[in-house]
**Student:** 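Just dropping this structure here.
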Amino acid sequence: MASESDPAPSNFIRSMIEKQTPVNVATRFPPEPNGYLHLGHAKSICLNFGIARDFDGWTNLRFDDTNPDKESEEFMNAIKRDVEWLGFKWKSLCYASDYFDDLYSCAVALIKNGDAYVDSLSAEEIREYRGTLKEPGQESPYRNRSAEQSLELLEEMKAGKHNEGDHIVRLKIDMASSNMNMRDPAIYRIKKTHHYRTGDKWSIYPLYDYTHCLSDAIEGITHSLCTLEFEDHRPLYEWVIEKVKSSAVAVELGSPVQTEFGPLNLEYTVLSKRKLIELVQKEVVTGWDDPRMPTISGLRRRGFTPDSIREFCRRIGVTKSSAVIEMGVLETVIREELNESAERRMAVLEPLKVVITSVAEDHNEILTLANHPNKPELGSRQLAFTREVYIEQSDFEEVPPPKFKRLVPGGEVRLRSSYVIRCDEIIKDENGRVTEIHCTHDPDTLGKKPEGRKVKGVIHWVPAKQSVPSLIRIYDRLFNKPDPLAEENYLDAINPESLVVMEHAQLEPALATAPVGTRYQFERQGYFAIDADSTPSHPVCNRIVGLRDTWS
RNA sequence: UGGGGCGUGGCCAAGCGGUUAAGGCACCGGGUUUUGAUCCCGGCAUUCGUAGGUUCGAAUCCUACCGCCCCAGCCA
């Protein structure tokens with residue numbers, strides 16, 4: 001597993017900054033608190049914090065909270081926790097809403113300068129006047145009203161004297177611009193919504209294009225990194241800062257430069273907040289932290305580590321193209337880490353009883369098992385070999401397929417870290433279903449190969465009477481299409497088997513008291529994490545990822 | 001000819017006029033193995049969207065074409 005010390009791979013943003021040296025680097029991670037963070041945010045977080053760290057700069061966490069309709073304290077807290085969990089420390093905790101007063105002063109100055117005006121067209125009319133992608137728009141009849149009149153209206157809007165939609169503040173740029181963002185963009189709208197931080201103080205709220213650039217400039221951000229869809233907004237970003245700077249307002253502004261990078265896409269899932277919100281609201285998943293969600297909280301609950309997510313971000317790179325990453329990359333980073341660090345245990349997901357007829361009823365032979373095959377320093381634990389054990393139903397086949405290396409009638413197999421057993425007899429119920437298998441063990445095979453023959457397979461097992469009942473959740477990809485959004489309705493692509501619950505799993509006794517959050521490799525099956533739903537007598541485990549499987 | 005961006009192996013991605021075109025994931029062999037895991041060793045682009053051009057020399061420069069993505073919220 002790559003460690004923290006691995007250098008971040010070169011990318012176009014780092015190259016750009018290297019050429020600017022010596023340079024101050026101040027970045028920000030600016031989420032809107034309207035949902036939980038996902039892997040796409042993790043990419044941005046690693047980029048922003050990583051670059052600042054490597055160039056001796058700093059990073060602010062800023063909540064872009066200008067739309068009170070969708071934002072909440074719950075989301076804000078979840079975001080803070082996730083950024084911290086990922087291992088990053090911000091210099092200042094900032095809020096766009098802390099700049100509302102300054103932003104208002106700037107708007108007044110822009111109006112006085114003739115760079116903004118209050119429009120009284122309806123939303124629908126504004127849309128019509130905007131023109132189309134290929135045709136220029138038309139100027140609003142209110143565009144040339146006096147600054148005094150606009151100022152008076154703005155004050156009334158602020159004072160709550162007008163209804164939502166009655167008026168709006170727009171920048172006076174160019175209604176014929178080929179860049180739609182420059183066709184007199186709106187910068188303030190009337191919204192009489194309670195804001196989770198500013199309460200009912202404001203009845204007008206600034207919009208993104210106006211707020212973001214000024215927030216960056218106020219905080220002294222030098223490198224404003226955002227995704228590709230904002231490329232067209234860059235001229236506006238620069239326009240606003242320049243106009244406000246030349247307007248003599250008493251607001252200190254730096255000179256941030258916006259640079260765009262490609263967003264993250266991951267196969268078999270969706271990474272759009274809008275869609276994730278829908279999955280939660282429609283209860284397609286159990287919540288933002290459902291282990292199938294590509295959210296940071298979902299991945300955390302699933303059992304992913306902060307290291308693995310950072311390593312994922314390091315591997316996918318940063319370019320100007322929209323990458324579609326295969327799930328295999330995510331699976332590999334967590335496998336690599338856990339292969340090194342996770343202790344091994346045995347767990348039988350779907351038990352089949354095996355009676356070792358060659359040992360006595362009360363046989364209780366204590367075996368010592370290594371916690372890790374290649375790391376003796378991780379110690380060992382004990383496990384009893386008893387007359388009755390459970391093995392995996394899938395590890396026995398009466399009519400085995402070709403190359404089957406497990407237990408078959410009359411065949412031998414090794415019980416992992418124990419003896420070689422031979423299947424002598426199959427017990428079935430009235431429906432012909434195998435309910436029990438009778439075997440004999442070869443007492444001369446503990447810790448050594450059997451004489452004169454080779455045993456093809458090794459299977460995991462637990463002592464029946466001492467094992468711990470458990471519920472194990474096997475997670476798979478949330479969608480069964482690589483690009484769910486390409487479907488008519490992406491919800492039709494939900495994978496009905498994204499969660500399979502093994503209700504009768506049996507764990508080896510050492511797992512009875514495993515602390516919540518601990519990660520193990522259940523041998524031959526995959527990596528699992530102890531879930532918070534566990535109770536002292538009944539552990540609940542989530543499968544993080546299966547082992548690489550070149551057979552099935 | 002609205003504007004803006006992107007095209008290097010199945011998926012990412014280095015590369016910035018002279019390299020045998022890095023690396024990772026995936027895949028395919030072979031070896032080790034009491035996890036069909038791990039580990040090890042080997043293979044995997046005569047070619048960089050296409051076609052021309054400049055040059056002693058091009059993935060890197062120029063031209064044209066093709067393909068894909070984004071933009072007409074009082075969302076961010």
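FYI, side chains are in, hydrogens and waters are out, and symmetry mates aren't considered; it's all heavy atoms of this structure. Labels below follow one simple rule: chain letters A, B, ... track the order of the sequence lines, proteins then strands, and each chain is numbered from 1.
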**Student:** Walk me through whether A:R406 and A:E397 qualify under salt bridge (charged side-chain N to carboxylate O under 4.0 Å, His left out).
**Tutor:** CA-CA 8 Å; A:R406 311 172 192 179; A:E397 288 291 347; over 6 Å; no
**Student:** For the base of B:rG2, is there a side-chain donor-acceptor partner from A:E135 under 3.5 Å away?
**Tutor:**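 Result: no qualifying N/O pair found.
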**Student:** For the base of B:rU35, is there a side-chain donor-acceptor partner from A:Q521 under 3.5 Å away?
**Tutor:**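 Yes.
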**Student:** Would you mind building the protein contact string for nucleotides 70-76 of chain B? One character per nucleotide, 5' to 3', B for base within reach (heavy atoms under 4.0 Å), S for sugar-phosphate only, - for untouched.
**Tutor:** BBBSBSB
**Student:** What is the distance, to the nearest angstrom, from the CZ atom on A:R314 to the P atom on B:rA13?
**Tutor:**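 Answer to the nearest Å: 14 Å.
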**Student:** Once you round it to whole Å, what is the distance between P of B:rU35 and CG of A:L349?
**Tutor:**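 Atom-to-atom, A:L349 to B:rU35, this comes out as 19 Å.
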**Student:** Counting only side-chain heavy atoms from C-beta out, which of B:rG24, B:rG5, B:rA37 sits nearest to A:R315?
**Tutor:** B:rG24
**Student:** Answer yes or no: does a side-chain N or O of A:T550 lie under 4.0 Å from OP1 or OP2 of B:rA37?
**Tutor:**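 For B:rA37, OP1/OP2 do have a side-chain N/O of A:T550 under 4.0 Å.
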**Student:** Quick one, which residues of residues 366-377 of chain A touch RNA chain B with a heavy atom under 4.0 Å?
**Tutor:** A:P373, A:N374
**Student:** Need one value for A:L330: base, sugar-phosphate or nothing, where a base atom within 4.0 Å counts as base even if backbone is also close, heavy atoms only.
**Tutor:**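 If one applies the 4.0 Å heavy-atom cut-off, A:L330 turns out to touch nothing in the nucleic acid.
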**Student:** Determine whether the side chains of A:Y527 and A:E331 contain a donor N or O and an acceptor N or O closer than 3.5 Å.
**Tutor:**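 The answer is no; no qualifying pair exists.
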**Student:** Show your reasoning for whether salt bridge (charged side-chain N to carboxylate O under 4.0 Å, His left out) applies to A:K320 and A:E231.
**Tutor:** CA-CA 11 Å; A:K320 292 205 67 147; A:E231 253 168 340; 2.8 Å; yes
**Student:** Taking only Watson-Crick and G-U wobble pairs with both distances under 3.5 Å, what dot-bracket line describes RNA chain B, where [ ] shows pairs that cross earlier ones and | shows pairs with another strand?
**Tutor:** .(((((((.[[[..)..(....]]].(((((.......))))).....[[[[[..)....]]]]])))))).....
**Student:** Can you check whether A:R548 has a side-chain N or O nearer than 4.0 Å to OP1 or OP2 of B:rC27?
**Tutor:**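 Indeed, a polar side-chain atom of A:R548 lies that close.
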**Student:** Compare every heavy atom of A:L228 with every heavy atom of A:G262, then report the nearest pair and how far apart it is.
**Tutor:**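 Looking at all heavy atoms of both residues, the shortest contact is CA-CD2, 3.6 Å.
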**Student:** Apply the syn/anti split at 90° from 0 to B:rG36 and say which one it is.
**Tutor:** anti
**Student:** Has A:K481 got its NZ or CZ under 6.0 Å from the middle of the six-membered ring of A:Y268, at an angle within 45 degrees of the ring axis?
**Tutor:**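 Relative to the ring axis of A:Y268, which defines the angle, A:K481 lies outside at least one limit.
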**Student:** Tell me what A:V169 touches on the nucleic acid: a base, only sugar-phosphate, or nothing, going by heavy atoms under 4.0 Å.
**Tutor:** nothing
**Student:** Go through the side-chain N and O atoms of A:H212 and A:R28 and say whether any donor and acceptor fall under 3.5 Å apart.
**Tutor:**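 The criterion, which ignores hydrogens and geometry beyond distance, is satisfied for A:R28 and A:H212.
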**Student:** Starting at CD of A:E331 and ending at P of B:rA37, how long is that distance when rounded to a whole Å?
**Tutor:** 16 Å
**Student:** Can you give me the closest heavy-atom contact between A:R14 and A:I51, atom names plus distance?
**Tutor:** NH2-N, 3.8 Å
**Student:** Would you say a side-chain N or O of A:T332 is under 4.0 Å from OP1 or OP2 of B:rC25?
**Tutor:** no
**Student:** May I have the distance from A:M327 (atom CE) to B:rA26 (atom P), rounded to whole angstrom?
**Tutor:** 14 Å
**Student:** Measure from CE on A:M175 to P on B:rG3 and round the result to the nearest Å.
**Tutor:** 18 Å
**Student:** Between atom CZ in A:F528 and atom P in B:rA37, what is the gap in whole Å?
**Tutor:** 17 Å
**Student:** Per the atom types in the model, does the base of B:rG4 pair as donor or acceptor with the side chain of A:R234 at under 3.5 Å?
**Tutor:**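 Answer is no: no donor-acceptor pair is held.
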**Student:** In this structure, how many angstroms lie between the P atom of B:rC12 and the CZ atom of A:F261, rounded?
**Tutor:**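 Rounded to whole Å, this separation is 17 Å.
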**Student:** Can you see whether A:N34 engages A:E71 through a side-chain donor-acceptor pair at a distance of less than 3.5 angstrom?
**Tutor:** no
**Student:** Rounded off to whole Å, could you give me the NZ-to-C1' distance for the A:K320 and B:rU8 pair?
**Tutor:**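 For the pair A:K320 NZ and B:rU8 C1', the rounded distance is 18 Å.
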**Student:** Counting any heavy atom closer than 4.0 Å, what does A:R414 reach on the DNA or RNA strands: base, sugar-phosphate only, or nothing?
**Tutor:** base
**Student:** Among the nucleotides B:rG4, B:rC11, B:rG36, which one has an atom lying closest to any side-chain atom of A:E231?
**Tutor:** B:rG4
**Student:** Taking only N and O in the side chain of A:R524, is any of them less than 4.0 Å away from OP1 or OP2 of B:rG36?
**Tutor:** yes
**Student:** For B:rU35 and A:R344 - does any side-chain N or O of the residue sit under 4.0 Å from the phosphate oxygens OP1/OP2?
**Tutor:**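 Result: no.
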